[in-house]
Amino acid sequence: MKTTGIFCAAALLAAGVANAQEPTNKGQLSGSFETNTIWYMPDKYTYNAANPLPNDRIGSNNYLKLDYSVGKFSAGLQGELYAPVLQGYDSALKGAQITHKYAKWTDNNFEIQVGDFYDQYGSGMIFRAYEDRALGINTGLEGVRAAVNVGDFFSLSAMMGRPRYYMEYLPVWLRGADASLSLSSLFGFTSQYLALEGSYLSQYDETRTTVKGEDGKSLVPANMNAWSARLVYEVAGFSLRAELVGKSPSVYSMQGTDQVKFGRGQLLELGYSGYGWGISLTGRNLYFMDMKMINDVQYSGLANQLNYTPALTRQYTYSLANLDPYSVHAMGERAAQMDIYYNIRRGSALGGRYGTKLHLNGSITYESAAAIYNTIGKAGDAMHFAYLDASFDLEKQWNKKFKTTILLAFQRMNTELNAKIPVNRYIAVFDGLYKLTSRQSLRLELQYLYSPFAMQESINPSTGMPEYSVFDDKKNRGSWWAASLEYSFAPRFSIFVSDMYNFESEKVHYYSVGMSYTKGNTRIGLTYGRNREGYVCSGGVCRQMPGYTGINLSLTTSF
């Protein structure tokens with residue numbers, strides 16, 4: 001709290017100076033408040049020995065953010081209260097504390113910020129400091145950050161700070177710089193954009209020990225260094241983004257021996273958009289790019305992640321399509337994704353009066369057995385199939401009142417790389433919206449997931465003949481259906497009811513009923529229901545959520 005007091009005092013002093021210079025401008029104060037509170041209720045279907053009903057039947061996550069600006073100066077702080085933290089979030093989130101504070105000066109071509117700040121280099125493969133409340137992540141840095149622009153062709157930023165880990169700051173120092181040179185602006189290219197970008201990151205971790213070889217020479221230094229080189233090119237609807245990254249070596253225990261491995265990664269994004277259609281292709285390769293903010297084993301979870309490597313798969317909003325999302329293996333992974341968008345023009349036979357939108361998505365991921373199963377050599381370095389996702393959706397506006405979306409998806413995933421027992425899923429979704437009046441509407445959502453049980457083969461020792469049995473794991477729960485009906489009275493009121501049911505193995509209804517009310521910048525929601533164990537995902541990153549039954553109160557407001 002000592003540093004908090006220092007930064008708050010600096011902010012107040014700077015504000016006083018600014019007001020003294022501009023007596024007619026008293027500045028502007030803005031803020032927001034968010035609360036998510038759950039009252040947990042007994043239910044034998046969601047609570048068990050591994051997931052008991054909380055002793056304190058209430059969980060509550062609360063956030064208050066205040067920002068003040070006057071002229072070129074701005075300052076702010078954020079307070080958080082966990083009373084106690086909701087289930088599914090890390091237990092290190094507890095109590096009340098000012099977790100974010102800053103003072104910032106912004107000029108035309110220069111800015112400097114002290115206190116807490118967020119930043120990202122390139123796509124985030126070597127560094128990203130950000131906040132995501134849905135995941136319980138806040139990896140902001142406490143320190144100083146400065147940025148400068150030279151004309152419209154060159155920009156440079158540099159920072160130094162220590163990262164936040166839940167309610168504390170780690171004994172780790174990060175230092176980095178990011179630069180961008182626009183060659184098109186420098187040489188006056190008006191019909192195309194070309195830029196070279198680069199980043200450098202240095203990490204000093206007190207818990208990271210120097211590793212030496214038999215000759216006493218250092219194999220792995222106590223410091224970790226990472227770099228990123230990027231190319232951006234855009235012309236006539238075409239775009240290309242390429243990024244190469246690398247990191248200094250780390251030691252991994254593989255087959256009982258310590259192996260020194262350098263980290264590396266490549267990312268390529270291609271895109272084109274023309275009249276009524278567009279396509280994007282993305283490919284990424286990761287090899288020992290597991291970058292932690294601190295290497296101490298007592299710090300774990302999503303919050304101990306220095307870089308940002310989201311799953312290169314489609315981010316679904318429908319529950320059954322997101323039943324078991326793919327998790328990234330940054331130790332060794334090769335992935336690719338394709339998106340194609342096409343708008344059938346209005347007035348055509350297929351487009352109809354209002355047009356029709358088509359979207360095709362496909363992604364495939366391979367994982368390295370060497371990185372995952374701690375094997376070495378050419379055989380171990382081979383890439384094995386891990387995950388495939390293909391989907392097609394069609395959105396059509398039939399008339400002024402009725403619009404539908406149909407989604408068809410196929411997912412194939414290996415339960416274990418060595419077992420080679422894939423799980424296949426076939427998913428169909430119907431989403432219909434009907435406007436009763438200009439302000440009232442009904443939305444119906446129907447989902448179906450068919451998943452034939454994966455079979456594993458074994459040899460009967462007495463007969464010597466093969467036998468087959470169901471391979472059961474968390475990714476193999478048979479078939480599901482889900483339905484949801486929502487009534488909205490825009491722009492203030494909505495009410496919904498939903499259910500999700502596994503009719504082959506669990507045979508448990510996961511029901512929910514709720515309402516929301518919005519007025520101005522304030523929204524309040526109240527939900528009651530049974531929620532299955534699963535994942536909460538945001539931006540391709542997921543956290544595991546235990547099953548629970550209860551009443552959920554959420555409120556967000558801004559001023």
Side-chain angles (χ1 to χ4, degrees), residues 123-125 239-245 264-272 277-290 307-318 320-342 358-373 375 378-393 407-429 449-452 454 471 473-476 535 537 539-542:
S123 67
M125 280 202 294
S239 65
L240 180 151
R241 295 175 181 269
E243 182 173 7
L244 302 177
V245 301
R264 63 179 185 268
Q266 302 88 35
L267 176 69
L268 179 64
E269 299 175 301
L270 299 173
Y272 181 79
W277 73 284
I279 183 172
S280 65
L281 303 171
T282 306
R284 186 182 65 192
N285 180 54
L286 298 173
Y287 186 74
F288 291 100
M289 285 301 297
D290 53 322
N307 58 344
Y308 178 67
T309 54
L312 206 61
T313 59
R314 180 173 179 177
Q315 309 304 306
Y316 290 100
T317 58
Y318 298 109
L320 294 188
N322 205 39
L323 204 62
D324 283 295
Y326 174 75
S327 297
V328 171
H329 290 277
M331 297 273 285
E333 178 187 285
R334 187 171 299 157
Q337 182 174 209
M338 175 188 69
D339 278 289
I340 299 177
Y341 301 89
Y342 183 68
L358 306 179
H359 175 214
L360 178 66
N361 173 272
S363 62
I364 189 168
T365 304
Y366 290 84
E367 296 172 356
S368 168
I372 299 169
Y373 293 104
T375 61
K378 293 184 178 180
D381 286 334
M383 305 298 288
H384 297 261
F385 168 77
Y387 189 85
L388 181 145
D389 188 338
S391 63
F392 169 79
D393 50 282
L407 169 73
L408 300 175
F410 169 73
Q411 297 173 348
R412 181 182 178 90
M413 60 196 79
N414 266 350
T415 55
E416 297 178 18
L417 291 183
N418 288 340
K420 296 183 180 179
I421 303 173
V423 169
N424 296 326
R425 286 182 171 164
Y426 306 85
I427 303 160
V429 177
L449 183 152
Y450 171 66
S451 178
F471 182 84
D473 74 342
K474 290 184 178 180
K475 294 183 179 179
N476 186 28
Y535 294 89
C537 299
V541 180
C542 304

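Not measured: the values here are computed from a predicted model.
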With a 4.5 Å cut-off on side-chain heavy atoms, are [Y] and [X] touching?
X: Met413; Y: Arg425; result: yes
X: Pro325; Y: Thr313; result: no
X: Leu312; Y: Ser363; result: no

Next on the checklist: Assess, by modelled atom type and distance only, whether the side chains of Asp389 and Tyr326 contain a donor and an acceptor separated by less than 3.5 Å.
Outcome noted: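 Their side chains do not contain a donor-acceptor pair, so the 3.5 Å distance test is not met.
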
Which distance, rounded to the nearest 0.5 Å, do you find between the [atom1] of [X] and the [atom2] of [Y]?
X: Ile364; Y: Arg334; atom1: CD1; atom2: CZ; result: 11.5 Å
X: Asp393; Y: Arg314; atom1: CG; atom2: CZ; result: 4.5 Å
X: Leu268; Y: Leu281; atom1: CG; atom2: CG; result: 8.5 Å
X: Tyr426; Y: Phe410; atom1: OH; atom2: CZ; result: 4.5 Å

For [X] and [Y], which heavy atoms make the closest approach, and how far apart are they?
X: Ala330; Y: Leu286; answer: O-CB, 3.9 Å
X: Gly539; Y: Pro310; answer: O-CB, 3.2 Å
X: Ser123; Y: Tyr308; answer: O-CD2, 3.7 Å
X: Leu449; Y: Leu320; answer: CD1-O, 3.3 Å
X: Arg412; Y: Asn424; answer: NH1-OD1, 2.9 Å
X: Met125; Y: Leu267; answer: CE-CB, 3.7 Å

Next on the checklist: Under the side-chain hydrogen bond (donor to acceptor under 3.5 Å, both in side chains) test against Arg284, which residue among Gln337, Glu333, Gln266 passes?
Outcome noted: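 Between Arg284 and the candidates, side-chain hydrogen bond (donor to acceptor under 3.5 Å, both in side chains) is satisfied uniquely by Glu333.
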
Item to check | Ring geometry between Tyr341 and His359 (parallel below 30°, tilted from 30 to 60°, perpendicular above 60°) | outcome: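 Rings of His359 and Tyr341: parallel, as their planes differ by under 30°.
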
Next on the checklist: Taking side chain to side chain contact (heavy atoms under 4.5 Å, CB included) as the definition, give me every residue that meets it alongside Arg241, ordered by chain and number, with sequence neighbours left out.
Outcome noted: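 With neighbours one apart ignored, the set is Val232, Glu234, Glu269.
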
Next on the checklist: Going by the rule side chain to side chain contact (heavy atoms under 4.5 Å, CB included), which residues pair with Phe392 if we only count those two or more places apart in sequence or in a different chain?
Outcome noted: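 Result, side chain to side chain contact (heavy atoms under 4.5 Å, CB included) vs Phe392: Leu358, Leu360, Leu394.
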
Item to check | Derivation and outcome, side chain to side chain contact (heavy atoms under 4.5 Å, CB included), residues Ile427 and Tyr318 | outcome: CA-CA 10 Å; Ile427 303 160; Tyr318 298 109; over 6 Å; no

Checklist entry - Given the rule in the side chain to side chain contact (heavy atoms under 4.5 Å, CB included) test, do Gln411 and Leu323 qualify, once you have shown the distances and angles that lead to the verdict? => result CA-CA 11 Å; Gln411 297 173 348; Leu323 204 62; over 6 Å; no

Item to check | Test applied, side chain to side chain contact (heavy atoms under 4.5 Å, CB included); reference residue, Thr309; option that passes from Val541, Asp290, Val328 | outcome: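 Option passing the side chain to side chain contact (heavy atoms under 4.5 Å, CB included) with Thr309: Val328.
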
Item to check | Qualifying residues under salt bridge (Lys or Arg N to Asp or Glu O under 4.0 Å), relative to Glu243, sequence neighbours excluded | outcome: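 Residues passing salt bridge (Lys or Arg N to Asp or Glu O under 4.0 Å) with Glu243: none at all.
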
Item to check | Six-ring centre of Tyr287, Arg264 cation under 6.0 angstrom, axis tolerance 45° | outcome: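 Flagged: Arg264 positioned over aromatic ring of Tyr287.
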
